[in-house]
Amino acid sequence: MNIITTSIEGILVIEPKVFKDNRGFFMETYQQHRYSEFGINHTFVQDNLSFSARGTLRGLHFQVTRPQAKLVQAITGEIFDVAVDIRPGSPTFGKWTGIHLSEQNKRQLFIPEGFAHGFCVLSEIAHFLYKCSDVYQPDDEGGILWSDPDIGIDWPVKNPVISDKDRKYPHLSDLLPEQLFSPED
Ligand SMILES: Cc1cn([C@H]2C[C@H](O)[C@@H](COP(=O)(O)OP(=O)(O)O[C@H]3O[C@H](C)C(=O)[C@H](O)[C@H]3O)O2)c(=O)[nH]c1=O
């Protein structure tokens, strides 16, 4: 297993070991002890799977008082995955990092609590599977507009397919710190 750091502290790219043979391949997509050796010592309590067609963009989403750390990967297809630091006071507040995750590269991205998350689909279709460190809290959901010019994400899609909900999200600058990241004790 190979771990790659990113420009934002805490966000990690994971390259799991892939065992190939004449039948295909095998890989462990998560192993608590091994991942904890790299600081991923969360208890993941919910797995999500979404399916999207080319050009779809989901995000930028987060939960405010019950923030979720996420371990994400593309099971089929290829996506561009983005995390934005929304932790008030963080030296990288408002900064983003993006990575191509695909069926081919089998890479995972670990995103700690305190980040807005989104992705867009670059292949005909993509199945996106991810683990969350807290459960879904619809009343605790927040969002930032995918195209917020102050964040300046260099999305590789220009006119994405997005939900009505995502279309209406505010800019980061319109949100107060307590509306971004206020984890319960
Ligand atoms: C996230 C979620 C959604 N839902 C229900 C609520 C809606 O009726 C339906 C679609 O939800 P939504 O449009 O919020 O799905 P996405 O746009 O894929 O949302 C996700 O997009 C970005 C990429 C994320 O990182 C988050 O996990 C999540 O916000 O699934 C649930 O029942 N449980 C859940 O955990």
Side-chain angles (χ1 to χ4, degrees), residues 6 8 10-14 29-30 35 40 42-87 90 92 94-103 105 107-148 151 153-157 159-172 174-175 179-184:
T6 65
I8 298 181
I11 295 187
L12 300 171
V13 178
I14 299 143
T29 53
Y30 175 66
Y35 279 58
I40 304 173
H42 297 68
T43 300
F44 293 108
V45 296
Q46 178 175 318
D47 283 2
N48 294 336
L49 172 65
S50 67
F51 169 82
S52 311
R54 184 186 297 275
T56 299
L57 191 153
R58 296 175 185 255
L60 298 163
H61 303 159
F62 54 91
Q63 293 189 167
V64 181
T65 65
R66 299 277 296 268
Q68 298 167 310
K70 295 169 186 166
L71 180 63
V72 309
Q73 63 188 115
I75 298 302
T76 66
E78 180 181 8
I79 67 162
F80 183 69
D81 199 85
V82 172
V84 181
D85 191 348
I86 56 171
R87 298 167 298 181
S90 165
T92 50
K95 300 297 181 200
W96 66 278
T97 188
I99 181 174
H100 290 259
L101 302 176
S102 71
E103 182 179 352
N105 70 25
R107 282 180 158 184
Q108 299 172 314
L109 188 67
F110 173 72
I111 306 164
E113 300 91 334
F115 287 82
H117 177 241
F119 68 88
C120 64
V121 178
L122 305 175
S123 46
E124 270 313 301
I125 61 163
H127 287 83
F128 185 68
L129 180 69
Y130 55 112
K131 307 182 89 64
C132 301
S133 67
D134 204 341
V135 296
Y136 177 55
Q137 300 279 338
D139 298 340
D140 192 38
E141 266 196 314
I144 297 168
L145 191 65
W146 66 280
S147 56
D148 185 335
I151 300 174
I153 298 168
D154 186 15
W155 293 104
V157 288
N159 298 301
V161 176
I162 59 176
S163 67
D164 288 341
K165 181 178 77 168
D166 287 358
R167 197 184 308 280
K168 297 170 186 161
Y169 278 132
H171 290 187
L172 178 58
D174 298 326
L175 296 169
Q179 293 175 298
L180 290 169
F181 184 56
S182 305
E184 291 173 346

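Both counts, for ligands and for their atoms, begin at 1 and track the order of listing. Since this is a predicted model, take the numbers as computed values, not measurements.
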Q: Please identify each residue that fulfils side chain to side chain contact (heavy atoms under 4.5 Å, CB included) with Ser163, with sequence neighbours left out.
A: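 Residues passing side chain to side chain contact (heavy atoms under 4.5 Å, CB included) with Ser163: Lys165, Asp166.
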Q: Identify, with sequence neighbours excluded, every residue that meets side chain to side chain contact (heavy atoms under 4.5 Å, CB included) alongside Val161.
A: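 Side chain to side chain contact (heavy atoms under 4.5 Å, CB included) check on Val161 returns Thr56.
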Q: Can you list everything that forms a side chain to side chain contact (heavy atoms under 4.5 Å, CB included) with Asp148? Sequence neighbours excluded, please.
A: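 Counting only residues at least two positions away or on another chain, Asp148 forms a side chain to side chain contact (heavy atoms under 4.5 Å, CB included) with Ile144, Asp150, Ile151, His171, Leu172.
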Q: Quick one: does Phe128's side chain get under 4.5 Å of Arg58's, heavy atoms only?
A: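 Contact flag for Phe128/Arg58 side chains = no.
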Q: Taking NZ, NE, NH1 and NH2 as the nitrogens, is one of them in Arg66 or Asp140 under 4.0 Å from a carboxylate oxygen of the other?
A: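 Here Arg66 does not pair with Asp140 in a salt bridge, since their nearest N and O are not under 4.0 Å apart.
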Q: Run through ligand 1 for me and note each protein residue having a heavy atom under 4.0 Å from it, chain first, then residue number.
A: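 Contacting ligand 1 under 4.0 Å are Gln46, Asn48, Arg58, His61, Lys70, His117, Phe119, Tyr130, Tyr136, Glu141, Lys165.
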Q: Looking only at the side chains, is there a donor atom on one of Tyr130 and Gln68 sitting less than 3.5 Å from an acceptor on the other?
A: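 No, because no side-chain N or O of Tyr130 sits under 3.5 Å from a partner of the opposite role on Gln68.
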